[in-house]
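It should be emphasised that the depicted structure is a prediction, and the values quoted were computed from it without experimental measurement. All ligand and atom numbering here is 1-based and tracks the order in the structure. As a basis for the values below, the full set of heavy atoms in this structure was taken, side chains included, without hydrogen atoms, waters or symmetry mates.
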Amino acid sequence: MRIVVIGGGVGCARFVLGLREHVARTGGRDSIEVIVNTGDDWWVSGLRISPDHDSLLYALAGVNDIERGWGRAGESERVSAELATWGTAPDWFTLGDLDLGTHIARTAWLRGGATVSDVYARLGSRWNLGATLHPATDDEVDTHVETPEGWIHFQEWWVRHRSQLPARRFSQNDIDQARPSDGAREALENADLIVLAPSNPVVSIGPVLAVPGMRELVRGSAAPVVGVSGIIDGSVVRGMADACLTAIGVETSARAVAEHYGARDAGGLLDGWLVDESDARSVGPLASQGIRAHAVPLWMRDPDSSAQVARDALDLARSLG
Ligand code: GDP
Ligand code: CA
């Protein structure tokens with residue numbers, strides 16, 4: 001079975017690690033592909049940074065910093081301190097030295113004419129990831145945020161302002177001219193199952209779906225489309241998705257996020273939706289809107305609990321017939 005996951009960074013990585021574990025435990029015949037958000041990408045000190053891709057890459061390679069939740073394990077920050085002293089990098093955005101190696105390689109390849117998809121393939125070939133990563137698009141579609149002080153890059157809003165500056169709306173630069181990467185298109189056209197990861201619905205999944213043609217590829221797939229809620233009992237498990245949801249007028253709840261994606265029968269994307277046990281009351285109302293929901297434990301704390309979430313997503317898809 002060809003399983004295609006759409007997602008962002010850390011929440012997506014936790015789910016994909018669980019999926020990889022589940023696939024390995026059940027004979028290893030299924031393949032995993034991830035269509036990765038590129039809206040978080042930006043330029044710093046002349047380098048192209050791709051946070052969501054790198055979170056996935058490092059987590060799947062087992063070289064990520066688990067304590068901190070981002071970047072490489074065993075990092076030093078000597079280069080970043082120098083860049084800040086030179087004034088070429090903002091002092092609120094620190095990059096580790098090993099991580100900078102990735103950004104230098106990526107930028108060198110891009111400057112040499114490689115596409116973002118080529119860069120993903122080269123970076124991914126270093127380790128046995130057990131999953132293939134595709135950028136949502138090869139075009140540059142950095143997310144910007146409209147605040148009372150004007151439009152700023154998503155990273156400035158997220159990291160510098162800790163999402164505390166009121167956000168009016170989110171938009172991706174030149175999104176109208178973007179198109180899905182060949183890898184993303186091919187994966188969606190041939191998927192046996194499509195999963196919306198428990199990623200930030202607004203700034204991780206949103207920019208992927210905003211690429212013209214992407215929603216149609218998901219909606220037009222013969223495969224079931226199921227999603228996993230990143231919201232548990234009215235709160236984000238990690239990160240600041242609540243600030244993003246509030247900005248687009250969506251309540252921070254598992255049910256409201258499912259309604260935001262919408263039922264495929266009603267012009268939306270979802271056939272099925274996994275909510276946490278604590279959100280079981282949303283199962284009935286969602287069913288009446290054409291979304292089959294199951295309530296299961298959604299905390300992904302370790303390989304076992306993450307593999308169980310993946311297994312529950314596959315079971316839900318199977319139950320859709
Ligand atoms: P980011 O780009 O690194 O912020 O990562 P994502 O967008 O992929 O994921 C962020 C989302 O992951 C947040 O909305 C969290 O609520 C969600 N998340 C993180 N850990 C868990 C977990 O253990 N279970 C569930 N259900 N969601 C999680
Ligand atoms: Ca992200």
Residue, atom and distance of the protein heavy atom nearest atom 13 (C) of ligand 1 read Arg238 O, 3.2 Å
Please walk me through it: do Glu75 and Asp97 pass side chain to side chain contact (heavy atoms under 4.5 Å, CB included)? CA-CA 6 Å; Glu75 269 289 20; Asp97 296 333; 4.1 Å; yes
Is the ring centre of His144 less than 6.0 Å from the ring centre of Trp151? no
For the Ca ion (ligand 2) the protein N, O or S atom count under 3.0 Å stands at 3
Atoms of ligand 1 under 4.0 Å from any heavy atom of Ala241, numbered from 1 in the order shown, are 14 (O)
In ligand 1, the atoms that come under 4.0 Å of a heavy atom of Ser204 are 2 (O), 6 (P), 7 (O)
- Message: Between Arg25 and His22, is there a side-chain donor-acceptor contact under 3.5 Å, judged purely by atom types and distance?
- Response: no
query = Do Ser278 and Asp276 have a side chain donor and acceptor closer than 3.5 Å?
reply = yes
Next item on the list: Establish whether Leu83 and Trp43 are linked, either directly or via other cluster members, by ILVMFWY side-chain heavy-atom contacts under 4.5 Å.
Entry: no
CG (Leu314) and CG (Leu193) are apart, to the nearest 0.5 Å, by 6.0 Å
Note: ligand 1 atoms sitting under 4.0 Å from heavy atoms of Leu298 are 22 (C), 23 (O), 24 (N), 25 (C), 26 (N)
For Gly8, the atoms of ligand 1 under 4.0 Å from one of its heavy atoms are 8 (O)
### Message
Quick one, Arg2 and Glu33 - any side-chain contact, counting heavy atoms below 4.5 Å?
### Response
yes
Scanning both residues in full, the closest heavy-atom pair of Asp176 with Pro212 reads O-CG, 3.8 Å
Nearest non-hydrogen contact to atom 8 (O) of ligand 1 from the set Gly7, Gly18, Ser199 belongs to Ser199
Per-atom filter on ligand 1: closer than 4.0 angstrom to a heavy atom of Asn200 are 6 (P), 7 (O), 9 (O), 10 (C), 11 (C)
To the nearest 0.5 Å, atom CG of Leu95 lies from atom CZ of Arg72 at 13.0 Å
Run the ring-centre check on Phe93 versus Trp158 and record whether the distance is less than 6.0 Å. no
Do you see a donor-acceptor pair shorter than 3.5 Å between the side chains of Gln308 and Asp304? no
Note: ligand 1 atoms sitting under 4.0 Å from heavy atoms of Asp52 are 2 (O)
Numbered in order shown, the ligand 1 atoms found under 4.0 Å of a heavy atom of Gly9 are 1 (P), 2 (O), 3 (O), 5 (O), 6 (P), 8 (O)
Per-atom filter on ligand 1: closer than 4.0 angstrom to a heavy atom of Arg14 are 19 (C), 20 (N), 21 (C), 23 (O)
for atom 1 (P) of ligand 1, nearest protein heavy atom and its distance come out as Val10 N, 3.6 Å
Among non-hydrogen protein atoms, atom 22 (C) of ligand 1 lies closest to Met300 CE, 3.5 Å
*asked:* Could you tell me if Asn37 and Asp52 have a donor-acceptor pair between their side chains, going purely by distance under 3.5 Å?
replied: yes
Quick one: does Trp273's side chain have a donor or acceptor within less than 3.5 Å of a partner on Ala254's backbone? yes
The option among Val237, Asp40, Ile205 carrying the non-hydrogen atom nearest to atom 28 (C) of ligand 1 is Val237
Restricting to heavy atoms, the pick from Gly230, Ser229, Pro198 nearest atom 12 (O) of ligand 1 would be Pro198
The closest protein heavy-atom partner of atom 9 (O) of ligand 1 is Gly11 N, 3.2 Å
